[in-house]
Amino acid sequence: MAKVTLTIDGKTVQAEEGSTVLEAASAADIDIPTLCYAKDLEPYGGCRMCIVKVEGIRGMPPSCTTRVAEGMKVTTEDDEILQARRMVLRLLMADHPSDCLSCPANLECELQALTKKLGVREHGLIHLDRQATLDESHPVFIRDMKRCILCAKCVRTCNEVVGAGAIGLINRGHRAEPAPFLGTGIKFSNCESCGECVEHCPTGALYYREPGPEPDYEVSTICPYCGTGCGLVLGVNKGKVIRAKGDPDNPINQGHLCVKGRFGSYEFVNHPDRLKTPLVRKDGELVEASWDEALDLVVQRFKESKGDKFAALASAKEPNEDNYIMQKFARAVMKTNSVDHCARLCHASTVAGLAASFGSGAMTNSIEDMEQAEVVLVTGSNTTENHPIIGNRLRHAIDKGTKLILFDPRDIPLAGKAVIWCRQRPGTDVAWINGLMHVIIEEGLADLDYVRERCEGFEAVEELVKSYTPERVSKITGVPAQDLVEAAKLYASGKPATIIYSMGITQHTTGTDNVKSLANLAMLCGNMGKPGGGVNPLRGQNNVQGACDVGGLPNVYSGYQKVTDPAARKKFEEAWHTDLPAEAGLTITEILEAAEKGEVKALYIMGENPMLSDPDVTHVEKALKATEFLVVQDIFLTETARLADVVLPAVTFAERDGTFTNTERRVQRLHQVIPPLSGCRKDWEIICDIATRMGYPMSYESESEIQDEIAELTPSYGGITYDRLDRGDQLAWPCPTKDHPGTPILHTKKFTRGKGKFFAIEYISADELPDKDFPMVLTTGRILEHFHTGTMTRKSKSLHALVPGPYVEIHPADARHYKIRDGEKVRVSSRRGSIELIAKVGRVDRGLIFIPFHFFEAAANVLTNPAVDPVAKIPEYKVCAARLEKSA
Amino acid sequence: MSNPASRENGVDGPITINGETVRAIDEIVKRYPVAEAALLPVLHKVQDQLGWLPVSALDWVAKRLGLPKTRVYGVTSFYTMFKRQKPGKHRIEICTNISCSLLGAEHLRDHIAKKLNIKPGETTEDGRITFDEVECLGSCGTAPVMLVDDKFYEKLTPEKVDDVLDKLNKDDLEAGGND
Ligand code: SF4
Ligand code: SF4
Ligand code: SF4
Ligand code: FES
Ligand code: FES
């Protein structure tokens, strides 16, 4: 970027071309007062506090909107400027309540600070009391518009940064104020409760109901919820974590957070229900026990259950280090490869599908990179709710010109932003993707040079999709033929175009097929290995990528080195000084089956809650009860822990160091915020202790030392060390050596497997289709305010207040048909069970119902179909047949 | 805080924007570099067709132009020429500018308001009459005056006003009740 030279208050200053006078001044440590300026918002020029004088320009232009120019001479302060600034303040004070002492922003208010700084005590004008809205509808924050100074920061944040557009300025003059649509309570609007507006408000107009004390100190770490991996700054007061702010230095979220990150990321840490002591089942009851007693029992029983009689569940919530230690324990000490985790239930088909097509089963491009796409195809991802910060960045890109194609049966928030929105029938993804390819090939829009040069197997696909005419596909999917044609043309026109998908694609019996089909589509248009292109599965959990990377899977060691490959096995046998089992182990679903049959006798579960997360939980419960010896290691007494024989209390993410690998393969550092709560231990320490007691000594000084072992044995993590992460290196794997910068975009020169492979795939229908007895299609998923099995989010007061309980979404026409009103209690049943919950009319398509799976009191997974994808063994959470009726 | 579906927000069921309006809107949008700039003329077109702007119309415009609903709502709340209340079948406008005012227009205004049981700017419960106070109607010589639909009534007294209102009622009843 070119530099310009200007003088500010006689000082020669260099500034980037295109930057503002305000930015140039602040870089030169010259302070100009502002009220409507914010670093992350577009220049606005609304408050006139920042006025300056520029030689040759008449009047006093606002420095926040004036761009620097070569040779410019700027004066930031003189009597006249001060006079004008004081006048601005006096005018603001003239209709502002003069009761600072009872204002929630007292001592933190920017208006108050400026009046003090500029010595304005009285406004000296006729006082006018602002008649403005007091909005107390929201459970977390209050909007008291009589204290609003109309800087529009809240409105601009909500539109520019968040992209929700929940508030705008309404009315005029004295009555103007920021308000949601129709001036109703914010709670009834499309507000996403992220709190960004509150964070940006300079006065006491927006404030939290329970602001909490000031922290004694703050520590930056990583959000424990979704795979986005936002940086958090946690505040601690008297040893307790009391607030979360976005980490402005984290490149992913740049200081912003979603509702879960802001309100839900810490409230559970010091929750009174935390497990603080081991529990051991005696006479049918779980009773408190000492660590020694509990571990002795575990060791004794594990010793009797080595080999196939043992299985372990690692965890997508836990850091890399603990997952690595868990799989090492299972393999080296227990002599079994039966270690798996809930990645099986979300993206196993991604790993299988993309590995087959490209040679690597992960997001191919980075989050930031997505903003360079001309066209984005989103399917099966409710990005706004499930990866909110990525969703915000996506909306931002769309506002800047990126075109969105959406394939989703539900009216998700992104639908309003799409150029083309197609509501396919659940379970018909292969058909519409083949349909798009049909049109692209017919119209001559395919990038055949790319296909010829970089890929193989295209001929079979070309042949197969011939029969997928828009008319035929329309019949299968329910999407109008014309829309399919338009969508195909638009995707092909994007140079580059990217594909973003999530569990709407993977959680099917055809999950692997769906993923391979998307890979076909991307290769067909030459979109792989380019900035702004790619195939990008958004991973659900904070560390689901990492848990897979470090070997929390039954068929691979860390770095996807196959357990069946003798060379790989030898390498790990040498490193771990023991012999290792040669056969792949069981997957989660198979482990539970084996447990039910009595084949798996001891099961060790770390930080997972299959009692809510796995399909057909009635069956899961049977399996867990049938397990002779069940050990659960967790932070709360989860639904699963209640069934355990031994419960071991672990620490939360805030009580430890570690690393999470986010959805874009970026390895990020967790920092210990508070010491472990008394009685709780880190997961890897507990496992090492058990191993050592079993005669296989495992001991590490710290997480950093474990990471070094991972790096040594895992080529893609080879160059990742705590030193580099602490220095601020942004490392996406593969990062093979200590001087390697990481790889934000995969497959740039060639595919990991050499050539990209096309797979010709026929459409087959979902496993269970609606019929006379179960006429509705049930689909399940997550919602914005809660996470996974709710173990953490439901302990958060704020999130609980926002969404206290389970519900089912029903189309208005279906609601009429069944005579169900919004808010009424209904019963939903499938072949596997039945639950009662509240009806919420809207969002879904006709014939479809949606139930979030977070709620134990009406667990969606009582209903879901455990039928799995034949390759990836992922269950079909997204389609099953169900019946809907009014509750008796 | 009221719920979005409350009556004062003009929730009034679905609307149909006819082909002519849609075509006119598409023409307007083409003339502007960004959709947001077309917002005012587009709202006018929609109001021309519907006679006012119910919530469903705001929704429709927001979707059509790809703008946040709040932005559209904000604009309609800024300009008084956008009607957010469904107008009555009849429109009564009384002038309260200087000449009329000197001859008792304010008294007449209050009289009408009391009789109709609404405030100026409002519409009667049965949706029959919208009553408003307006600026000079250009008939100062015959003040005080009012306009009922397209008809002038001059040199008003309370009795005269009563007669006019009664006649309006009678006509409506004969025309088939107050639908
Ligand atoms: S909380 Fe977030 S979504 Fe809601 S109004 Fe504020 S910025 Fe917008
Ligand atoms: S509520 Fe706060 S942020 Fe929003 S316009 Fe008013 S003063 Fe500015
Ligand atoms: S987007 Fe995901 S990682 Fe970021 S704050 Fe929200 S839940 Fe946490
Ligand atoms: S800060 Fe520049 S005008 Fe408000
Ligand atoms: S003042 Fe009433 S008509 Fe002119």
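Every chain is numbered from 1 and lettered A, B, ... according to where its sequence line falls, protein lines coming before strand lines.
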- prompt: Is it the backbone or the side chain of B:Lys69 that comes under 4.5 Å from a heavy atom of chain A, or both, or neither?
  reply: both

Would you indicate whether [X], at its atom [atom1], is surrounded by more than 12 heavy atoms from other residues, nucleotides or ligands within a distance under 6.0 Å?
{"X": "B:Glu20", "atom1": "CD", "result": "no"}
{"X": "A:Lys187", "atom1": "NZ", "result": "no"}
{"X": "B:Asp149", "atom1": "CG", "result": "yes"}
{"X": "A:Arg172", "atom1": "CZ", "result": "yes"}
{"X": "A:Arg175", "atom1": "CZ", "result": "no"}
{"X": "A:Arg423", "atom1": "CZ", "result": "yes"}

task: With a 4.5 angstrom heavy-atom cut-off, could you sort out which part of A:Asn159 is near chain B: side chain, backbone, both or neither?
output: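 Side chain only.
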
- request: Against chain B, work out which of A:Gly416, A:Ala166, A:Ala179 has the most heavy-atom pairs shorter than 4.5 Å and name it.
  value: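 The answer is A:Ala166.
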
message: Taking every non-hydrogen pair under 4.5 Å, which of A:Gly165, A:Ala176, A:Cys158, A:Gly163 racks up the most with chain B?
response: A:Gly165

message: To the closest 0.5 Å, what do you measure between CZ (B:Phe78) and CD1 (A:Ile170)?
response: 12.0 Å

- prompt: What distance do A:Asn171 atom CG and B:Tyr73 atom OH have between them, rounded to the nearest 0.5 Å?
  reply: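 Atom-to-atom, A:Asn171:CG and B:Tyr73:OH are 6.0 Å apart.
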
- prompt: Nearest heavy-atom pair of A:Phe181 and B:Thr70: which atoms, and what distance?
  reply: N-CG2, 3.2 Å

